[in-house]
Amino acid sequence: IEFVDLSQPGKVMLYVPGTVNVEIAYNQQDFAGGSFVFTLIAGLQYVFDAPNPFPEAMYLKSATPGSAATLQFWTMGGGYQ
């Protein structure tokens with residue numbers, strides 16, 4: 001999945017299984033500069049319950065170069081591509 005659209009109203013539940021963290025940003029350029037990047041820590045669960053938890057599509061990548069990361073998500077609204 002290249003990006004996840006979490007811009008619709010609803011609950012978003014995220015889980016990062018394994019040992020590799022996942023970085024999330026508004027666009028791919030943010031990863032290079034380190035600004036506006038949030039790290040989802042492996043082994044933790046995150047729940048966002050807001051009218052509009054993310055204002056636009058988010059980009060995801062492994063926080064460890066050359067390593068594969070896994071992100072499990074469940075949304076009640078939004079979608080993915």
Side-chain angles (χ1 to χ4, degrees):
I1 296 174
E2 185 175 325
F3 72 90
V4 179
D5 179 7
L6 302 175
S7 63
Q8 301 301 313
K11 184 175 288 203
V12 177
M13 291 165 275
L14 304 172
Y15 174 60
V16 183
T19 59
V20 180
N21 298 339
V22 172
E23 291 182 340
I24 185 169
Y26 288 114
N27 59 60
Q28 294 178 353
Q29 291 75 28
D30 285 340
F31 292 128
S35 60
F36 304 112
V37 174
F38 183 77
T39 301
L40 301 170
I41 305 299
L44 296 182
Q45 298 175 9
Y46 301 84
V47 178
F48 299 92
D49 189 11
N52 189 2
F54 299 98
E56 57 188 82
M58 305 297 286
Y59 286 81
L60 310 165
K61 76 174 191 74
S62 169
T64 305
S67 294
T70 302
L71 174 66
Q72 297 175 354
F73 65 94
W74 182 33
T75 83
M76 296 177 193
Y80 60 90
Q81 290 187 356

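Along the sequence shown, the residues carry numbers beginning at 1.
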*List the steps and the verdict of side chain to side chain contact (heavy atoms under 4.5 Å, CB included) for Y59 and V37.*
CA-CA 10 Å; Y59 286 81; V37 174; over 6 Å; no
Would you tabulate the side-chain donor-acceptor contacts of residues 15-24 under 3.5 Å, counting partners in other chains and residues two or more places apart, or write 'none'?
from, atom 1, to, atom 2, distance (Å)
N21, OD1, A42, N, 2.8
E23, OE1, K61, NZ, 3.2

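- Considering all non-hydrogen atoms of both residues, L40 and F38 come closest at CD2-CE2, 3.5 Å.
- Side-chain contact between Y46 and I41 is present, with at least one heavy-atom pair separated by less than 4.5 Å.
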